[in-house]
Undergrad: 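Quick one: the structure is below, questions incoming.
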Amino acid sequence: MTRFDERLQCVSCEARYGVLEVRYRCECGGLLSLERKVGWARELSPAQFDARLTSRRAVDRSGVWRFREAVLGCDEREIVTHPEGATRLYESARLAEYAGIASIRFKHEGENPTGSFKDRGMTVATTQAVRTGARAVACASTGNTSASLAAYAAGAGLRAIVFVPAGKIAMGKLAQTLAYGATVLAVRGDFDDAMRLVDEASTKLGIYLLNSINPFRIEGQKTIGWEILQDLNWHAPDWIVLPAGNLGNTSAIGKAMLEAYEGGWIDKLPRIASVQALGANPFYRGFMGGFQERFRMQAETIASAIRIGDPVSWDKARAVIAKTNGVVTEVTDDAILDAKTAIDAAGIGCEPASACSLAGARRLRSEGVIGRDETVVGILTGNLLKDPEIVLKRFEREGGSRMIEIDPKIDDVARVLG
């Protein structure tokens with residue numbers, strides 16, 4: 001396998017650290033990014049990634065490790081994989097009409113092993129944890145990260161500890177986390193309180209941190225972008241629209257597009273649109289002020305996966321928006337639920353936060369930011385069954401008209417069906 005000189009580099013002051021050094025921030029406090037020598041991507045070709053599509057090896061079937069030379073220079077025997085990725089790209093005339101966009105597709109990351117995009121980052125970060133000799137891993141989570149961490153830690157034989165906001169995690173996600181064997185610490189507070197606590201615990205107690213502040217998470221998540229390009233035969237769309245909470249995906253997919261463009265894998269750079277919920281919109285507020293100020297807030301939204309008021313990947317995401325001529329927008333909870341209903345009714349389905357991609361695309365189209373004839377790919381971050389309570393509550397409010405109790409008689413069937 002081709003290996004490039006890898007280093008951890010500060011996104012603020014550009015200080016460098018060894019790739020096996022366990023750290024998540026620079027001495028200056030800046031975030032770290034995994035970087036390689038100048039021009040490295042031009043030494044790789046999409047053809048070598050495409051050739052692996054017919055392989056039956058687990059490492060090649062993974063939608064992350066298929067791109068391994070550009071993800072992490074490690075021995076293949078060290079890789080912890082399920083495998084993950086290889087998710088579908090859906091096209092729906094119904095959703096295109098809803099958005100008002102002629103060509104809109106959806107990359108469904110809910111098809112990953114634990115039901116969300118988090119598996120892409122977790123396979124790389126867990127592999128790195130094993131490489132550094134970690135014995136326990138931890139994260140703060142609103143649900144999806146905890147489920148993914150628990151599964152990959154179990155596969156690697158590591159102890160898993162997750163910090164969740166007490167009473168603010170969907171039952172489907174909590175059930176997964178417990179089933180995979182993690183210790184769950186329910187913090188009396190919100191996600192940001194849990195994040196501060198796990199950050200402190202990783203420093204003082206020597207636990208390996210697996211939140212998206214970990215640069216190896218970003219290396220895995222960026223393969224969402226490369227797999228989209230591969231799905232489109234390496235023709236870049238005009239826009240990639242995605243939900244924005246902790247801003248890891250904005251950072252990761254932006255990094256993927258910039259690296260692909262610099263490597264000559266694509267001939268144009270897609271614009272990134274990050275979509276936040278109205279009640280959890282600090283990044284949108286920053287964008288509207290030209291990023292002159294970093295906002296923090298007490299977040300509240302029905303989209304629990306992005307209920308985050310102090311996103312840790314702010315600086316990386318801000319740079320992505322600037323470099324891709326991207327935008328940030330916000331949508332209401334009602335808009336999110338309406339978009340989710342449309343996605344569900346199209347037979348695709350997603351958790352509430354995922355629907356921000358469609359709701360955001362629809363808003364940006366209505367404002368003329370996205371043109372009707374531009375090509376758009378939206379990211380669906382999680383499976384419908386991650387948060388089934390939302391679906392059931394909505395049907396209850398509608399009077400349960402599609403769930404009708406009958407006696408075991410054909411006459412009752414005929415009566416109901418008219």
Side-chain angles (χ1 to χ4, degrees), residues 87-109 117 221-245 247-262 265-277 281 283-284 287-288 291 306 313 316-331 335-336 339-340 342-343 346 348 350 353-381:
T87 58
R88 285 25 160 221
L89 189 65
Y90 290 88
E91 191 165 10
S92 165
R94 180 185 297 183
L95 297 182
E97 181 180 358
Y98 181 89
I101 298 168
S103 176
I104 184 167
R105 299 175 175 89
F106 293 91
K107 185 68 167 170
H108 205 329
E109 290 299 294
F117 75 91
Q221 287 169 214
K222 73 183 183 183
T223 62
I224 300 171
W226 291 340
E227 201 171 271
I228 288 170
L229 297 178
Q230 193 171 49
D231 291 338
L232 298 175
N233 199 26
W234 300 95
H235 295 298
D238 295 309
W239 289 90
I240 295 178
V241 185
L242 66 156
L247 304 180
N249 266 348
T250 297
S251 307
I253 294 173
K255 189 172 192 277
M257 294 303 130
L258 289 163
E259 290 175 346
Y261 184 67
E262 291 164 3
W265 305 353
I266 53 177
D267 59 11
K268 72 176 181 182
L269 192 61
R271 298 179 69 182
I272 302 295
S274 296
V275 185
Q276 294 210 291
N281 65 353
F283 196 54
Y284 171 73
F287 173 76
M288 293 302 289
F291 289 123
I306 56 171
S313 294
K316 290 181 180 179
R318 179 185 60 185
V320 162
I321 296 300
K323 290 177 181 178
T324 66
N325 189 28
V327 300
V328 185
T329 191
E330 65 176 359
V331 290
I336 291 170
K340 172 178 161 51
I343 293 167
I348 298 171
C350 67
S354 296
C356 282
S357 56
L358 178 57
R362 189 184 197 199
R363 174 173 178 174
L364 292 170
R365 172 68 197 108
S366 71
E367 295 171 344
V369 178
I370 294 178
R372 177 172 178 78
D373 294 324
E374 291 189 287
T375 55
V376 179
V377 174
I379 310 298
L380 302 180
T381 49

Undergrad: Using only atom types and a distance under 3.5 Å, with no angle test, would you say the side chain of Arg363 pairs donor to acceptor with the backbone of Glu330?
TA: yes

Undergrad: Taking the cut-offs as 6.0 angstrom to the six-membered ring centre and 45 degrees off its axis, would you call Arg362 and Tyr98 a cation-pi pair?
TA: yes

Undergrad: Measuring from atom CD1 of Ile348 to atom SG of Cys350, what distance do you get when rounded to the nearest 0.5 angstrom?
TA: 9.0 Å

Undergrad: Just one of Thr381, Ile379, Leu89, Leu380 clears the side chain to side chain contact (heavy atoms under 4.5 Å, CB included) bar with His108, so which one?
TA: Leu380

Undergrad: A side-chain contact here means heavy atoms from C-beta on lying under 4.5 Å apart; do Pro270 and Ile266 qualify?
TA: yes

Undergrad: Could you grab the distance from atom CD of Glu109 to atom CZ of Arg88, nearest 0.5 Å is fine?
TA: 11.0 Å

Undergrad: Decide yes or no for Lys255 and Val320: does some side-chain heavy atom of the first lie under 4.5 Å from some side-chain heavy atom of the second?
TA: no

Undergrad: Provide the closest heavy-atom pair for Ala260 versus Trp226 in the form atom of the first, atom of the second, distance.
TA: CB-NE1, 4.0 Å

Undergrad: Go through Thr250 and Ser274 one step at a time and tell me if the side chain to side chain donor-acceptor pair (under 3.5 Å) criterion holds.
TA: CA-CA 7 Å; Thr250 297; Ser274 296; 2.8 Å; yes

Undergrad: I'd like to know if the side chain of Gln276 and the backbone of Ala244 have a donor-acceptor N/O pair within less than 3.5 Å.
TA: yes

Undergrad: Is there a side-chain contact between Thr87 and Phe117, using heavy atoms and a 4.5 Å cut-off?
TA: no

Undergrad: Answer yes or no: are there more than 12 heavy-atom neighbours, outside Glu91 itself, under 6.0 Å from its atom CD?
TA: yes

Undergrad: With Cys356, which of Val275, Thr329, Val241 fulfils side chain to side chain contact (heavy atoms under 4.5 Å, CB included)?
TA: Val275

Undergrad: If I compare all heavy atoms of Pro243 with all of Ile306, which pair ends up nearest, and what's the gap?
TA: CB-CG2, 4.3 Å

Undergrad: Can you tell me if Tyr90 has over 12 outside heavy atoms packed within less than 6.0 Å of its OH?
TA: yes

Undergrad: Hey, could you give me the CD1/CD1 distance between Ile228 and Ile253, rounded to the nearest 0.5 Å?
TA: 5.5 Å

Undergrad: Only one of Val327, Leu242, Asn249 passes side chain to side chain contact (heavy atoms under 4.5 Å, CB included) with Ile272; say which it is.
TA: Leu242

Undergrad: Which atom names give the shortest non-hydrogen contact between Ile104 and Ala96, and what distance separates them?
TA: CG2-CA, 3.5 Å

Undergrad: Between Lys107 and Asp231, is there a salt bridge with N-O shorter than 4.0 Å?
TA: yes

Undergrad: Parallel, tilted or perpendicular, judged at 30° and 60°: which one describes the rings of Trp234 and Trp265?
TA: perpendicular

Undergrad: Work out which heavy atom in Glu374 is nearest to a heavy atom in Val369; give both atom names and the distance.
TA: OE1-O, 4.0 Å

Undergrad: Minimum heavy-atom separation for Leu229 and Pro237, please, with both atom names.
TA: CD2-CD, 4.2 Å

Undergrad: Can you confirm whether Val377 sits close enough to Trp239 that some side-chain heavy atom of one is under 4.5 Å from a side-chain heavy atom of the other?
TA: no

Undergrad: Do Phe283 and Leu247 touch side chain to side chain, with heavy atoms closer than 4.5 Å?
TA: yes

Undergrad: Less than 4.5 Å apart, any side-chain heavy atom of Leu232 and any of Arg105?
TA: yes

Undergrad: So does Lys222 pair up with Glu259, basic N to acidic O under 4.0 Å?
TA: yes

Undergrad: Decide yes or no on side chain to side chain contact (heavy atoms under 4.5 Å, CB included) for Arg271 and Asp238, but give the supporting numbers first.
TA: CA-CA 6 Å; Arg271 298 179 69 182; Asp238 295 309; over 6 Å; no

Undergrad: Tell me the closest heavy-atom pair linking Phe287 and Gly326, and the distance in Å.
TA: CE1-O, 3.9 Å

